[in-house]
Structure formats: structure tokens, C-alpha cells
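Starting off with a structure, shown below.
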Amino acid sequence: MSIRVAIIGAGMSGLGAARTLKEAGAVYTVFEAENQPGGRVRTDRIDGYVFDSGASSIAPRGRTLERVMLTEISQEGLVKVERTIYVHEGMRTTPGDPQRMVIVRYAYQQGNDVLPQRLAAGLDVRYSTKVESIGDDGKVFSIRGENFDRVILACPTLEALPLLHMLKVEKNLSGIAYRPCVSVLLGFEDNIGDRPYHALIDPDQRHPLTWLSIDSLKTPHRAPGEGIAFVAQ
């Protein structure tokens, strides 16, 4: 008899776990609180502008994700990001570390949330279904009236902690902290001209503007006409 596995979260790790379990023939269910997959891979579309307000690009670095992206799911709209990332110190820009800048990065012309949508296709994912409690009688885990043999927590740590405490799983996660990040999406009708980079980063994170992505230079058709799309964080 196949074991039943519950996966909490349909971000990239949860989708990866679900695909692996499906290939192995296991019975699984993914519970996702939001109405779409992806977690931190998020895209916003506003008046013809396309902003990746979550993950700006995908750098699989030869791991399993790269094989999946290039051979197992549709490559429609998948673009290799040719422009590099520059660093800035007080908004004075310079080329980044050459060794780090050679990392191959990809993005989707339609927005990077295309990737989790394609990964989730054909999977048993229950959207708008938040898991607030997990029962454990020592034999099975009870989630929303269903029983499972195993549970995979693929959600952010702050969301996983209450569930871990409920299961009496003692984990020293006190050292994990989150820094708030404000994403500002900017669309302009006028183009600023070409640039050798598609993004700027403050590696020391001292400047309020830690990251600036010019999404319309990352992949084509991210802004109407000659417009330009920025994501500032």
C-alpha cells in the first residue's frame, strides 16, 4: 500500500517534493493557502507592464530544476538573461564580480510565475486551503479531516513553527530571522535607453535600495510600446 503524504505549501520546494513523489508512485496532496502556486516566485501584471516582484530570475546551476525547465516542461517564453548584474555603492555602478556574473540565469517573457504554474500542472494541489492545525495520534497525521502517513512542511519558517510546536517537534529555529522587504513597481512610458546590465545590487545591503531590476531589459515585451518596467526593493 502506498503511503499518503501531505505537503504544506506550493512554493518551489513544495512543488518539487510533489513532482518527486508523483514520479515515485506515492499518494500525495499539496495544501496551498494562496490561490496560485509559486510562493516567492511572484509576478504582477499592471496595465501592460510585467513585474517580477518575487524571484527576479532563475539560476538553476545545473541542478535538477534545470533539466526540468529545459526538457520536461514547455520552454515557451523561456529566455536566457544575457545582460549581467552590476553592483552599486551609493548608486555609483560598477561591474560585478566576474566569477559570479557568469552564472546562467533564465526568465520567462510572460513573467516568472509561469514556472511554478507549469510545475504545478497535473499535480494534486488544493489552493486557498490554509493548514492551521495538524493532529497526530502516533499513527497518522490528521489534516482538515484527512489522514496522512507523512507530512512535508514546505512553507516559510514562521508559518511552520506553530505546526512544529503542535506536533511537539522540538527544533532550535530561534536564530532564523526575516527582514522586511518593500517592493516598488514602476512603469514609465519613456525609455531610458540601453544598459549593459539588467539589474543593480548593493552587496553590502547598506543602501535603502538593495536591488533594482529593469525587467524590460531582462526579457522583451515587459512594457507597452517603448516603456520601461522597474522593480525596486
Side-chain angles (χ1 to χ4, degrees), residues 11-13 36 38-63 65-66 69-70 75 77-117 156-158 173-233:
M12 294 299 290
S13 59
Q36 61 185 10
R40 295 177 184 172
V41 181
R42 177 184 173 89
T43 301
D44 290 284
R45 299 169 180 86
I46 305 171
D47 296 334
Y49 294 88
V50 180
F51 307 96
D52 286 321
S53 52
S56 182
S57 61
I58 301 105
R61 305 175 191 234
R63 297 175 181 171
L65 179 59
E66 189 161 15
M69 289 172 55
L70 299 180
Q75 291 87 56
L78 180 63
V79 176
K80 181 180 176 182
V81 181
E82 298 294 345
R83 288 177 173 83
T84 185
I85 299 172
Y86 273 30
V87 301
H88 82 83
E89 182 178 353
M91 294 310 296
R92 294 190 299 272
T93 62
T94 57
D97 182 345
Q99 293 184 344
R100 298 186 65 183
M101 295 305 106
V102 297
I103 296 173
V104 177
R105 301 176 186 275
Y106 297 93
Y108 286 85
Q109 180 178 310
Q110 310 96 310
N112 286 342
D113 66 350
V114 167
L115 175 57
Q117 291 171 12
T157 303
L158 294 181
L173 303 176
S174 59
I176 296 177
Y178 287 81
R179 294 179 60 188
C181 176
V182 176
S183 295
V184 180
L185 314 179
L186 303 168
F188 297 95
E189 294 181 355
D190 297 327
N191 202 316
I192 61 170
D194 201 7
R195 293 289 188 277
Y197 51 83
H198 79 274
L200 299 174
I201 187 171
D202 172 17
D204 296 326
Q205 299 190 4
R206 295 177 180 175
H207 194 277
L209 183 63
T210 299
W211 173 261
L212 178 68
S213 173
I214 310 174
D215 277 20
S216 47
L217 291 181
K218 185 172 61 180
T219 66
H221 310 299
R222 288 290 187 112
E226 297 297 321
I228 189 165
F230 289 97
V231 176
Q233 296 175 325

Heavy-atom donor-acceptor pair, Asn191 side chain to Ile228 backbone, under 3.5 Å | no
Between Ala223 and Ser216 the two heavy atoms that sit nearest each other are CB-CB, 4.4 Å
Side chain to side chain donor-acceptor pair (under 3.5 Å) with Thr157: which residues, sequence neighbours excluded?
-> none
Without swapping roles, check the side chain of His198 against the backbone of Thr84 for a donor-acceptor pair under 3.5 Å.
-> yes
Value rounded to 0.5 Å, distance of CD1 in Ile201 from CG in Leu209 | 10.5 Å
Interatomic spacing from OG in Ser53 to CD in Gln233 - rounded to 0.5 Å = 7.5 Å
Do other residues, nucleotides or ligands put more than 12 heavy atoms under 6.0 Å from the CD atom of Glu89?
-> no
Quick one: does Leu200's side chain get under 4.5 Å of Met91's, heavy atoms only?
-> yes
Shortest non-hydrogen pair, Ala229 vs Phe51, comes out as CB-CE2, 3.7 Å
Considering all heavy atoms of both residues, which atom of Asn112 and which atom of Ala107 are nearest to each other, and what is their separation?
-> OD1-CA, 3.3 Å
The complete set of salt bridge (charged side-chain N to carboxylate O under 4.0 Å, His left out) pairs with one or both residues in residues 107-117, sequence neighbours excluded, reads Arg45-Asp113
Shortest non-hydrogen separation from Pro156 to Arg40 and the atoms involved | CB-NH2, 4.4 Å
Only one of Ile58, Thr219, Val79, Val41 clears side chain to side chain contact (heavy atoms under 4.5 Å, CB included) with Tyr108; which?
-> Ile58
Measure from the side-chain N and O atoms of His88 to the backbone N and O of His207, and report whether any donor-acceptor pair falls under 3.5 Å.
-> no
So the salt bridge (charged side-chain N to carboxylate O under 4.0 Å, His left out) pairs with at least one residue in residues 196-218 (sequence neighbours excluded) are Asp52-Lys218, Asp215-Lys218, Asp215-Arg222
When rounded to the nearest 0.5 angstrom, what distance separates CD1 in Ile192 from CD1 in Ile214?
-> 4.5 Å
Do the non-hydrogen side-chain atoms of Leu158 and Tyr178 ever get within less than 4.5 Å of each other?
-> yes
Whether Tyr86 and Tyr197 hold their rings parallel, tilted or perpendicular, with breakpoints at 30° and 60° | tilted
pair Thr43-Gln110: side-chain heavy atoms closer than 4.5 Å = no
Looking only at heavy atoms, which two atoms of Gly48 and Pro224 are closest? And how far apart?
-> O-CD, 3.5 Å
Trp211 side chain near Ile85 side chain, heavy-atom distance below 4.5 Å = yes
For residues Tyr106 and Leu70, determine if any side-chain heavy atom of one lies less than 4.5 Å from a side-chain heavy atom of the other.
-> yes
Correct closest heavy-atom pair for Met12 and Pro116 would be SD-CB, 4.3 Å
